[in-house]
Amino acid sequence: MWEQSIRDKAYERRLFRARAIVAAVLVVSALLTLAWRMTYLQVTLHEKYQDLSENNRVKIRPIAPNRGLIYDRNGILLAENIPAYSLTLVPEKVDNLQETLAFLDELVGVSERDLEQFEKRSSYRRRPYEPVVLRQRLSEEEIAAIMVNRFYLPGVDVEAQLIRHYPHGDAFAHVLGYVGRINQRDQERIEDDEESQRRYSATSHIGKTGIERRYEDILHGDVGYERIETNARGRLLRTMQRENPKPGTDLTLHLDSRLQLLAAELLEGRRGAVVAIEVETGGILTLYSNPGYDPNAFVTGISFDDYEALTSSLDKPLFDRATRGTYPPASTLKPFVGLAALEAGSTTWNYKVRDPGWFQLENDDRFYRDWKREGHGVVDLEMAVVESCDTYFYDVAVKTGIDDLTPFLGQFGFGRDMSVDVISAVSGILPDRDWKRATGRGPWYPGDTVNLGIGQGFMAVTPLQLATATAVLANKGKWEVPRLLAAEDNVPTEFPHGDIPDITLKDPSDWDRMFTAMDHVITGRHGTARALRANLDFPIAGKTGTAQVVGIEQDAEYDSEALQERLRDHAWFMAFSPIEKPQIAIAVIVENGESSGRTAAPIAQSIINEYLGGAEG
Amino acid sequence: MASTDFSRTVSTPSQHHTFDRSGAFFARLHIDLILLLLLIALATTGLAILYSGSGQEIGMVKRQAVHFGIGTLLLFITAQIPPRLYQLIAPWALAVGTLLLVGVLVAGVGAKGAQRWLDLPGPLPRFQPSELVKLALPLAVAWFMAKRPVPPRFRDLLQALVIIFIPTILILKQPDLGTSILISTSGLLVLFFAGMSWLLIFSMIGIVAAMAPVMWFFVMHAYQKQRVLTFLNPESDPLGSGWNIIQSKTAIGSGGIHGKGYLQGTQSQLEFLPESHTDFIIAVLAEEHGLIGVCLLLALYALIILRCLYISSRCETLFGRLLSGSMSVTFFIYVFVNIGMVSGILPVVGVPLPLVSYGGTSVVSLLLGFGLIMSMYTHRQRK
């Protein structure tokens with residue numbers, strides 16, 4: 001029994017030892033497996049994990065460039081960047097969003113609209129941990145209130161940001177346009193192209209309209225970078241390296257803010273537009289449409305109600321009449337029609353027409369009335385321009401014919417957008433046979449030519465087009481395409497001449513004789529703009545125009561008093577000055593202004609006087 | 001298999017205690033000096049890593065040092081208690097533990113859908129009965145097998161399996177899959193050391209393998225399945241449940257051979273590495289001390305485990321051998337599961353790295369276990 005026990009114990013020991021050795025072998029090989037695994041991670045995959053670890057720790061943060069400034073020709077700031085403080089939230093870091101928003105409302109006030117915008121912005125595609133703006137333009141007191149309570153507001157911050165500001169507000173709204181927050185559509189466009197995605201990686205605003213949009217490319221600048229070390233919660237520990245952003249290009253425009261502001265003042269309470277062009281360069285001095293709107297409201301995000309008010313207003317303040325408003329040129333076309341007739345040989349300076357107050361085509365009993373019921377009597381070309389005789393131009397237009405008239409008018413840029421950098425400009429309509437047929441209006445009738453002779457009917461021009469044509473006329477056919485941009489970072493911008501040939505007349509003296517006729521529009525005893533003589537500081541060549549808003553029934557009594565204000569005729573005036581060596585060409589339209597001599601012409605004269613007076617003085 | 005050399009050493013146990021006088025002194029104290037020194041080395045290393053892993057929070061290191069102090073004290077105390085006494089209380093300890101486990105299921109408290117704690121009355125801290133069972137189960141199974149002939153009969157093995165599976169299933173119900181697997185393994189290891197036949201061992205492994213799909217569909221909870229799925233493809237959810245494993249692999253891999261230097265680990269110090277003072281602390285070591293540091297730590301663990309196995313084989317009683325053998329290998333399993341999990345070859349289960357991860361319960365119960373092993377080894381039966 002005892003022996004048995006001894007033997008059993010020895011057996012037990014041997015058995016255990018065998019198992020212990022097996023266990024030891026298993027343990028050692030398992031630990032070697034771990035060592036092998038670690039070797040795989042730390043040696044074989046070392047570089048991969050080294051990179052991952054660096055990427056964890058080191059973040060590359062893009063820095064937005066400062067947007068280029070915009071100046072007028074005199075160096076006056078039209079668009080600047082001013083610091084603004086906005087309240088931002090990093091939703092990922094906020095524990096209880098509802099509570100935090102309620103507390104912030106208590107502290108600084110958060111409107112329904114702010115909340116609505118905040119939710120919209122948070123739902124956009126954005127980088128994680130990217131702050132979302134809740135309120136903008138915080139006051140000093142509001143900043144203090146937030147800073148004091150910062151401890152209770154994790155994820156809430158006050159961010160200083162440069163925001164775009166337009167010091168002149170309404171006066172440049174249409175021409176400069178505005179920047180606004182990058183929306184989903186902008187974002188998709190940016191993401192289309194890798195380079196722009198890189199450039200906009202830190203940018204919050206983008207040019208939406210006007211110059212801001214047209215020159216977005218060069219105004220924007222180039223993004224900078226900052227290599228920063230952060231911990232797992234995204235807290236900045238230190239900046240390791242910084243490459244400064246390259247600010248956008250500063251733009252100098254041809255615009256003259258004195259004239260622009262004057263135009264705004266003169267059109268106060270009216271609907272209309274003023275476009276003035278420097279004859280020698282084609283530089284646009286004034287591009288103004290009234291009423292305007294405050295572009296600054298769009299920078300921080302306009303409220304739905306305010307926007308609704310703008311879009312629903314009968315005066316259409318968002319509509320840029322200067323570049324998109326198309327009106328029949330009416331009598332302002334007459335100097336051009338006159339030149340066309342001279343060029344076609346269908347009239348001469350001595351050719352006379354007897355005007356009984358109406359015009360009739362052969363085999364047509366329709367009366368084409370002159371604005372002067374009793375007629376102008378016997379008129380030649382000069383007198384027809386001075387007194388704006390319709391019958392004369394009915395006659396010579398028909399004699400010239402549509403096939404010669406339209407191509408000649410086209411040389412002045414009618415019917416196409418000749419501007420190089422006016423983003424919103426439209427082409428207007430220069431009708432001819434093809435156009436009429438293509439637009440489903442049937443064949444061209446001689447009556448259409450009659451109407452075209454006095455700038456009525458199908459033809460439609462924008463104030464910018466009329467000003468451009470006037471500048472080309474003043475420049476005796478030499479084209480300088482209209483442009484806004486004068487210089488980039490003070491380096492003058494060169495634009496190509498454009499694909500339009502200069503106009504040469506068979507008899508160049510026709511220019512001067514037309515100028516004289518247009519001079520007499522103001523200085524002549526029967527000149528339609530003779531009201532300007534009172535303030536005539538500089539010799540002005542001009543032409544009035546009265547564009548009908550609705551067709552007046554034949555033989556109907558023309559009673560402007562009875563017409564509603566908005567059905568009254570539009571008043572046009574086109575002019576250039578001085579006559580000897582023209583510097584400025586201008587087109588003014590006053591919607592429902594009725595009498596050109598009393599509304600549009602004085603505005604043009606004031607602009608001219610300001611421009612030339614200022615330049616000389 | 002056993003060499004003559006081995007048996008000679010065993011047959012003359014006194015020779016072993018002659019390596020120096022202090023060894024003899026510690027033998028009288030029922031302490032194995034080599035194992036104690038190895039444990040001190042591991043604890044010291046652990047505290048140094050913890051300082052870095054805690055984000056250089058000296059307070060945490062001090063508290064952990066206190067845990068080590070308490071644990072060491074308990075180690076000394078448990079080492080003094082003769083194995084006979086353990087053998088005596090073993091079945092009762094498991095019986096009490098099992099009752100408490102039932103109590104947990106009936107009146108337990110916990111978080112995240114798992115009931116693991118028992119609220120004790122008055123000022124007593126909350127108590128996790130599974131911690132008691134971790135020790136009680138191998139004790140009880142060793143007690144049971146030590147009374148049976150060796151190698152065990154099939155009938156005895158079946159009875160032992162019942163002893164093992166009752167607490168296992170109770171813990172599984174909490175639910176705590178990790179602990180139940182570890183606890184049942186510690187029981188099964190006793191059977192392994194008792195000489196369970198290889199045929200049975202492989203059959204059991206086969207059964208377990210066949211059970212896996214059953215477990216997946218009928219036993220495992222959603223969060224457990226999620227862990228397994230995340231383990232299989234951590235990149236599928238890089239910011240959610242995959243974050244931990246991606247960050248720990250990144251920490252380990254970026255450490256390279258030499259490491260980034262003590263306290264220089266960017267993953268650890270910049271808070272990218274989660275649980276850097278508890279379950280994922282090995283990643284801190286790997287990042288800052290590289291492969292060299294990891295291999296040294298693995299070597300230290302290997303020495304401890306091998307020393308324990310050696311000691312186990314030299315225990316006088318079968319009970320002592322079975323108990324300390326099982327506990328040695330259980331210790332190894334903790335090490336393996338933790339490092340395997342952190343390095344991404346095992347799914348994420350909440351197992352701390354023994355004696356390195358921060359945590360009082362773990363440190364104290366592990367040191368207490370080493371005290372048991374020393375007791376089994378150093379107490380000689382009076383003849």
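Order of the sequence lines fixes the chain letters, A, B, ..., with proteins taken first and strands second; residue numbering starts at 1 for each chain.
Listed here is the closest heavy atom pair of Thr250(B) and Ser53(A): CG2-N, 3.5 Å.
Only the side chain of Leu15(A) comes within less than 4.5 Å of a heavy atom of chain B; its backbone N, CA, C and O stay farther away. For a residue to count as touching a neighbouring chain, one of its non-hydrogen atoms must lie under 4.5 Å from one of that chain's; by this rule Pro274(B) does not touch chain A. Of the atoms belonging to Phe336(B), heavy atoms from both backbone and side chain fall under 4.5 Å from chain A. For chain A, the nearby parts of Leu298(B) are the backbone and the side chain; heavy atoms of each come within less than 4.5 Å. At a 4.5 Å heavy-atom cutoff, the contact between Val27(A) and chain B is made by backbone and side-chain atoms alike.
Rounded to the nearest 0.5 Å, atoms CD (Gln42(A)) and CD (Glu287(B)) are 10.0 Å apart. Here the straight-line distance linking atom CZ of Phe16(A) with atom CG of Leu322(B) works out to 6.5 Å at 0.5 Å rounding. The distance from the CG atom of Asn56(A) to the CD atom of Gln247(B) is 4.5 Å, given to the nearest 0.5 Å. Of the inter-residue distances, the one linking Ser254(B) atom OG with Arg57(A) atom CZ reads 10.0 Å to the nearest 0.5 angstrom. Between the CD atom of Glu12(A) and the OG1 atom of Thr317(B) there is a distance of 9.5 Å, given to the nearest 0.5 Å.
Near-neighbour residues of residues 188-196 of chain B relative to chain A, defined by a heavy atom under 4.5 Å from a heavy atom of that chain, comprise Phe192(B), Phe193(B), Ala194(B), Gly195(B), Met196(B). Close approach to chain B, defined as a heavy atom under 4.5 Å from one of its heavy atoms, is seen in Ala30(A), Leu31(A), Leu34(A), Ala35(A), Arg37(A) of residues 30-37 of chain A, taken by number.
Among residues two or more places apart in sequence or in another chain, the ring pair (Phe, Tyr, Trp, His ring centres under 6.0 Å) test is passed with Phe118(A) by none. With sequence neighbours excluded, no residue satisfies ring pair (Phe, Tyr, Trp, His ring centres under 6.0 Å) with Phe319(B).
Put simply, of Glu54(A), Gln50(A), Met38(A), Glu47(A), the one with the most heavy-atom pairs under 4.5 Å next to chain B is Met38(A). The choice from Leu273(B), Val329(B), Ile333(B), Leu318(B) that makes the most heavy-atom pairs within less than 4.5 Å of chain A is Leu318(B). Chain A forms the most heavy-atom pairs under 4.5 Å with one residue out of Gln267(B), Gln269(B), Arg321(B), and that residue is Arg321(B). The choice from Pro151(B), Ala299(B), Gly325(B) that makes the most heavy-atom pairs within less than 4.5 Å of chain A is Pro151(B).
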